[in-house]
Amino acid sequence: MLDWEQIFATRSSRMRASEIRELLKLLDQPDIISFAGGIPDPALFPDVAFKEAYSDIFSGAQVGAALQYSVSEGYKPLREWIARDVAKIGIDCTPDNVFITSGSQQALDYLGKLFLSPNDTALVTWPTYLGALSAFNAYEPNYDQLSLNGNRTPEAYRDTAAKTGGAVKFAYLSADFSNPTGETVDLAGREKLLALADELDIAILEDAAYQHLRYDGEAIPPIMALDIARRGGIENTRTIYSGSFSKTLAPGLRVGFVVAAMPVIRKLVLMKQAADLHSSTINQIAIEHVASRGFDAQVAKIRSVYSKRRDAMLAALDKYMPKNATWTRPEGGMFVWVTLPEGMDGAELLAKSIATEKVAFVPGRAFYADGSNANTLRMSFSCADEAMIDEGIKRLGRLISNAIRAAA
Ligand SMILES: Cc1ncc(COP(=O)(O)O)c(C=O)c1O
């Protein structure tokens with residue numbers, strides 16, 4: 001028998017099954033109330049608009065091009081639409097600065113591949129998006145905790161990186177309604193990050209997957225917009241912005257994008273030629289078709305539904321959670337992040353919760369690059385209606401109160 005492990009590359013040792021993917025299997029059980037998957041509600045997909053889009057493509061002159069190979073940069077009208085859309089939030093760029101990826105997850109993989117040599121350091125928030133850690137892990141980096149309150153000096157980051165034999169290459173974060181905490185980085189935090197990145201001379205990877213999902217509060221300019229304003233143009237920036245149509249239109253088409261200065265775009269194009277040549281031509285055309293006819297209406301619709309679910313989850317947490325649990329109050333996105341008293345374990349709680357209460361969530365530890373903070377939970381409100389949210393949190397509140405009492 002061939003010992004596969006023996007011949008796998010060292011990078012494969014850090015590829016492990018994600019707790020979230022395992023949990024998604026639970027969504028198939030009808031009696032589970034799931035706050036686990038961070039996915040859009042399929043009832044909100046603009047399916048009629050997509051049906052029209054594909055029907056138009058197949059009944060028009062475009063069908064040949066739609067089914068053909070296409071350029072690695074992406075479908076030009078879609079890149080033009082994205083350039084106009086991001087201009088509304090201060091990201092002044094040309095369509096050439098926009099690069100289409102197969103979901104923004106692919107952007108994370110490419111950016112990991114582009115910047116990280118083994119032992120280099122990626123700065124990430126504690127916690128951070130698990131999928132980013134999975135994407136970067138293949139390039140064998142070390143992680144260091146990105147502090148957004150300015151209380152770590154550039155030397156501290158440099159010293160830590162030097163000890164492990166590499167250099168700090170980038171800071172990765174989701175500034176708006178992050179996955180997993182739902183929190184937003186305020187303007188001062190964004191400015192501090194730009195100053196830190198200047199001092200360290202590194203890139204900033206701004207993951208804007210949830211950017212359109214703001215329910216209340218004032219919009220804060222993206223880090224990339226601040227960077228462009230300071231530097232006088234996108235070609236002078238150090239920020240790389242990634243976005244997605246997954247949370248607004250539909251994830252199944254796998255269309256995401258990167259906005260960056262041309263030297264970065266040119267490398268990404270070469271990487272795409274080597275990896276998958278281009279993202280699905282027909283899906284890019286369909287996304288442009290739907291986005292150009294009804295993006296704002298679709299975003300208004302999903303905001304209205306998700307904001308009510310967010311409100312229902314916060315109200316239920318206020319009502320049912322024991323006093324010594326705390327949680328975030330997100331202004332957008334899909335997640336609330338719950339912190340339980342020290343010593344409690346989210347994974348143990350999940351096992352009990354599924355067995356006795358039929359409620360699922362994601363234990364928070366997987367979102368920490370160092371596997372710490374087991375006493376945290378990620379709760380998604382995107383796929384449950386308000387009555388289910390109230391019932392699910394009621395059951396979870398009971399379970400957690402009992403667990404806290406038992407531990408006391
Ligand atoms: C923060 C963040 N970034 C990126 C992604 C990847 O999404 P997609 O590849 O569908 O664009 C997700 C998906 O959940 C996410 O939460």
Side-chain angles (χ1 to χ4, degrees), residues 18-24 27 34-42 44-45 74 78 82 85-86 98-112 122 124-137 146 170-185 204-214 222-224 240-259 268 272 275-276 279-280 283-284 286-287 291 299 302 306 328 330 332-337 361-362 364 366-369 378-383:
S18 117
E19 260 173 277
I20 296 191
R21 293 280 165 258
E22 290 301 306
L23 279 164
L24 281 176
L27 298 179
S34 180
F35 304 128
I39 58 177
D41 185 342
L44 298 171
F45 291 152
L78 179 60
I82 293 166
D85 192 56
V86 296
V98 181
F99 169 75
I100 306 294
T101 54
S102 299
S104 59
Q105 186 66 30
Q106 186 178 54
L108 299 177
D109 175 42
Y110 284 6
L111 293 168
V124 296
T125 50
W126 243 237
T128 189
Y129 170 48
L130 173 59
L133 296 177
S134 309
F136 303 152
N137 277 347
L146 175 63
F170 61 70
Y172 162 83
L173 81 166
S174 237
D176 287 309
F177 332 121
S178 89
N179 178 0
T181 71
E183 286 173 317
T184 294
V185 179
I204 297 172
L205 311 192
E206 179 174 24
D207 181 337
Y210 297 91
Q211 204 274 326
H212 284 98
L213 299 189
R214 175 174 281 283
I223 297 164
M224 178 136 218
I240 300 172
Y241 181 94
S242 63
S244 178
F245 290 96
S246 293
K247 316 296 174 182
T248 48
L249 299 185
L253 282 77
R254 309 306 302 130
V255 179
F257 60 91
V258 169
V259 181
L268 291 173
K272 201 156 179 60
D276 62 352
S279 298
S280 157
N283 289 354
Q284 292 184 66
I287 288 276
V299 168
I302 60 176
Y306 291 152
T328 55
M334 295 184 171
F335 307 105
V336 174
W337 182 248
F361 52 83
V362 182
F367 300 94
Y368 289 88
R378 190 193 75 176
M379 313 274 291
S380 167
F381 49 79
S382 57
C383 282

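Both counts, for ligands and for their atoms, begin at 1 and track the order of listing. Computed over heavy atoms, backbone and side chain alike; hydrogens, waters and symmetry mates excluded. What you see is a predicted model, and the numbers here were worked out from it, not measured in a lab.
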Among residues at least two apart in sequence or on other chains, which ones pass ring-ring contact (aromatic ring centres under 6.0 Å, His included) with Tyr210?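 ring-ring contact (aromatic ring centres under 6.0 Å, His included) list for Tyr210, sorted by chain: Phe335.
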We want to know whether Ser279 and Lys272 form a side-chain donor-acceptor pair, criterion being a heavy-atom distance below 3.5 angstrom.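 Note: Ser279 and Lys272 side chains meet the donor-acceptor criterion.
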So, do [X] and [Y] sit near enough that their side-chain heavy atoms are less than 4.5 Å apart?
| X | Y | answer |
| --- | --- | --- |
| Phe245 | Leu253 | no |
| Ser382 | Asp41 | no |
| Lys247 | Gln211 | no |

Can you list the steps and then say if Met334 with Leu213 is a side chain to side chain contact (heavy atoms under 4.5 Å, CB included)? CA-CA 8 Å; Met334 295 184 171; Leu213 299 189; 4.2 Å; yes
Output for ligand 1, non-hydrogen cut-off under 4.0 Å, lists Gly103, Ser104, Gln105, Tyr129, Ser174, Asn179, Asp207, Ala209, Tyr210, Ser244, Ser246, Lys247, Arg254
